[in-house]
J.: 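After the structure tokens below, expect a handful of questions from me.
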Amino acid sequence: MLEIKHLTKKFGDHTAVDDLSLTIEDGQIYAFIGHNGAGKTTTLKSVAGILPFDEGEVIINGHNIKSAAMEAKKDMAYIPDNPDLYDYLKGIDYLKFIADVYGVDNDERKEKIEKYSKLLEIYDDLASPINSYSHGMKQKIALISAFIHDPKLILMDEPFVGLDPKASHTLKTLMREFCDKGGAIFFSTHVLEVAQKLCDQVAIIKQGKLLKAGTMEDITGDASLEEVFLELEGDK
Amino acid sequence: MLTQLIKIRLKGLFGIGRKKIKTSKLILYALLILICLGSCMFLFGSYFYSLAPLLHGAGMDWGYFALLCLSSLVITFVFGVFLVYQELYHAKDNELLMALPLKQSTILLSRISSILLISYLYELIVFLPGIISYLLFYPLTLLGIFNALIIFLTMPLLAIAISALIAYVAANVVTFLGRFKNLVIVIVFTLAFGAYLFVVAQLESFITEFVKNGVGIVEAIQRAFPPLYYLGLAISEGNMLGLLISLAIFILPFMLMVYILSTNFIKLCTSKPKNKKAIYKGGGFKRKSTMQALIVRELRHYFNNVMVILNGAMGLLFGIILLVALAIYARDVAILTAIPPLRPYFMPACAIVVVFISSMNIMSSAMISLEGKTLYILKSLPLSPLTILYSKFWTHFLLCVPLGIILSLALGLIFALSPLELLALIIIPIIFTVFIDLLGLIANLWKPKFDWVNETTCVKQSIPSVITVLVSMIISFGIVIIYFMFFINIDINLFTAIVSLIFLILDILLIILLNSWGPKRFAEL
């Protein structure tokens, strides 16, 4: 579903992502972990086609993000770490806007919006302007907008931040269901317990370089992900 | 601590210290600011220069200074009212500052001090050229100059007090207007601005009357507005009683305002607008095309912020005012049609009026900057950069062209233009509007500003907006000046056709630039 080959992104002299390669198969939930400033967000933004990168290739469902950006983006959804949405729109209008851009027909968008907004318990608030929403409510709208067009790959940057415990649980269920139907999720997180329980694969990044990647069992063995992470972080 | 807070506020207002600015850029900024300030000062200076001998001749020097102070006060108020509203009621760092070991009075004082410093800048634009204009003809006593300085320093306090009162009323009233609040504010502003233009238009006849019946009017003003009379006397004659009365008028309302604000500061900072919670009831799923969805979004964004409308779409407001004025004064204007030598000038003159109105609309020059932190949304969606850029182009176009056509039709009817002339009158402003639209968009693509705290800065304090305003104004005035200076012997319609052709070619060149460079540049943002 997603192939990242030798991705390198520089900001001036600073190399934020250094020759990173990863493959995410259909049906996988892939966690991406690393300390603050390690290059997780830069990688996700580069994969999403938001940031132009210097070297490497990103292939989403067979489409190159550089040469076939439209096709690649149609198969993908991106949720940022901080859900800055259009404050001047109501929640429902934002979702309709996203549905219009993806060409989702009327019946399908109605069904999806109702389903996901009720699951995430934000249905009643859809008529309120986004500028009146809390961080968590904005995050819920961003999540619904990601599921609205049936993407094949979802990129999520810290998706659990700001969500209440119930919404976090719902999101984990939704993520599992989405991948069980053949979709793939690549997400960054600092909540290592969640990553260990939820994910099939994990990648650890430090100073833009990939330290380790593989199945959760391969990476952790008998230890916890937290122990492995701290041990790797300690390496010079 | 207070000095530090004032420094931080001023840095925030002027955007100092966010990035290192190159010397060449600094020179460009300074030059642009100098041109703007110089033009304004020149305008006020020439106005008061013509007024000084007139009022001095009638023995009413006090009237000159009263008018000067009143003008300074109005300008300080008009330019400062939105700043006061923003700084006192919508400052984003209130909660942060209140969590620090700072006195409430220190926080409040830091806000007022920074507003005051900026108010002096506004006041200077009118007051300084006014004083210089007078001194070029007549001397002032040392006491008069001293009083003028004291009045200069204290007068903005009254403007701030009035602004704070209006902002307080506005902050409380707008919550009751709900979704119509922006529309109501724009209508009120348009009416106020129309009234202001009407008063300015009548000022000349008022001054003539003032000079003719001086003594009677002096007595009337002394009776009706004694403070204004004493204010004038304080400078013209160095009258100390006049100064004391003026100081009382400037300082007392300000002190009252500070007292009220300081007692309500926490409430003021922590209160939230009373939004009535709307419960979603479903329905309304009508699919739009991608371009329709993008344009509707742009329109909603633009009309969400009154300050953005009032700064970036002044042409729309002026256009509406002009339409109303044409409806009222159509017969008076139509008298010109009885002068046959003027006949060939009607179409070009009407075209330049519509072009001038259009030149005040600079929406496209801020539309990319206004995306701010949400730019990632457009970039992550399956939208080509050209689709995004053209949605902004069409939004500007759709906002400006319909009103331009209505104005052209109204002017065409009043001046009884032939069908061919009417067609030209419709097409020429469209060509110009497309030019400004593309110029603004390309300038914004070149120099976007995403690190804003307040959206208004995208329209008020950004290079693309300044470039677009200056270029469009220079063009609309420049065409007239060039014609009368160099081409007066050429047929006016031929000249108009050539100028239109040049702008049509420029439109095509800008479209080629947008299509070729635009997508690459957008990907870099």
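Just so it is clear: chains get the letters A, B, ... in the order the sequence lines come, proteins before strands, and each one is counted from 1. All values derive from a computational prediction rather than experimental measurement.
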J.: Determine which residues belonging to residues 371-382 of chain B lie within contact range of chain A, meaning some heavy atom pair is under 4.5 Å apart, and list them by number or answer 'none'.
T.: B:E371, B:K373, B:T374, B:Y376, B:I377, B:L378, B:K379, B:S380, B:L381, B:P382

J.: So do the side chains of B:H301 and B:V308 get within less than 4.5 Å of each other, counting heavy atoms only?
T.: no

J.: Quick one: what part of A:I50 sits under 4.5 Å from any heavy atom of chain B, side chain, backbone, both or neither?
T.: both

J.: Under 6.0 Å from the ring centre and within 45 degrees of the ring axis: does the NZ or CZ of A:K138 meet both conditions for the six-membered ring of A:Y94?
T.: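 No.
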
J.: So for A:D105, is it side chain, backbone, both, or neither that comes closer than 4.5 Å to the heavy atoms of chain B?
T.: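 Both backbone and side chain.
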
J.: Check each atom of A:L85 against the heavy atoms of chain B and say whether the ones under 4.5 Å are side chain, backbone, both or neither.
T.: both

J.: Highest number of heavy-atom pairs under 4.5 Å with chain A: which of B:R297, B:R300, B:K286, B:K281?
T.: B:R297

J.: Enumerate by number any residue of residues 518-525 of chain B whose heavy atoms lie under 4.5 Å from heavy atoms of chain A; in the absence of such residues, state 'none'.
T.: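 Only B:A523, B:E524, B:L525 of residues 518-525 of chain B have a heavy atom under 4.5 Å from chain A.
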
J.: Checking heavy atoms, do the side chain of A:L155, its backbone, both or neither come under 4.5 Å from chain B?
T.: neither

J.: For the residue pair A:M156 and A:L143, establish whether any side-chain heavy-atom pair is separated by less than 4.5 Å.
T.: yes

J.: May I ask you to test the B:K288-A:F97 pair for a side-chain heavy-atom distance under 4.5 Å?
T.: no

J.: So which of A:K110, A:K74, A:H149 has the largest heavy-atom pair count under 4.5 angstrom toward chain B?
T.: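 Top count of heavy-atom pairs under 4.5 Å with chain B: A:K110.
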
J.: With a 4.0 Å cut-off, would you call A:K115 and A:E111 a salt bridge?
T.: no

J.: Side chain of B:D437, backbone of B:S364: donor and acceptor closer than 3.5 Å?
T.: no

J.: Would you mind checking which part of A:I92 comes under 4.5 Å of any heavy atom in chain B, side chain (CB onward), backbone (N, CA, C, O), both or neither?
T.: side chain

J.: Between A:K181 and A:D150, does at least one N-O distance fall below 4.0 Å, as a salt bridge requires?
T.: no

J.: Salt bridge check, A:K152 against A:D26: does any charged N sit closer than 4.0 Å to a carboxylate O?
T.: no

J.: Closer than 3.5 angstrom, by distance alone: can the side chain of B:N444 be matched with the main-chain N or O of B:P464 as a donor-acceptor pair?
T.: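 No; judged by distance alone, with no hydrogens or angles, the pair does not exist.
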
J.: Within 45 degrees of the axis of the six-membered ring of A:Y123 and under 6.0 Å from its centre: does A:K118 put its NZ or CZ there?
T.: yes

J.: Sort out for me which of A:E71, A:M76, A:E114, A:R109 touches chain B most, counting heavy-atom pairs under 4.5 Å.
T.: A:R109

J.: Check this for me, if you would: do A:E57 and A:K66 make a salt bridge, where the nitrogen-to-carboxylate-oxygen distance has to be below 4.0 angstrom?
T.: no

J.: Are A:D81 and A:K40 close enough for a salt bridge, meaning some N to O gap below 4.0 Å?
T.: no

J.: For A:C199, which of A:F32, A:F187, A:Y30 qualifies under side chain to side chain contact (heavy atoms under 4.5 Å, CB included)?
T.: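 The option that passes is A:F187.
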
J.: Where on A:K96 is there a heavy atom nearer than 4.5 Å to chain B: the side chain, the backbone, both, or neither?
T.: side chain

J.: B:M363 versus B:L316: any side-chain heavy-atom pair under 4.5 Å?
T.: yes

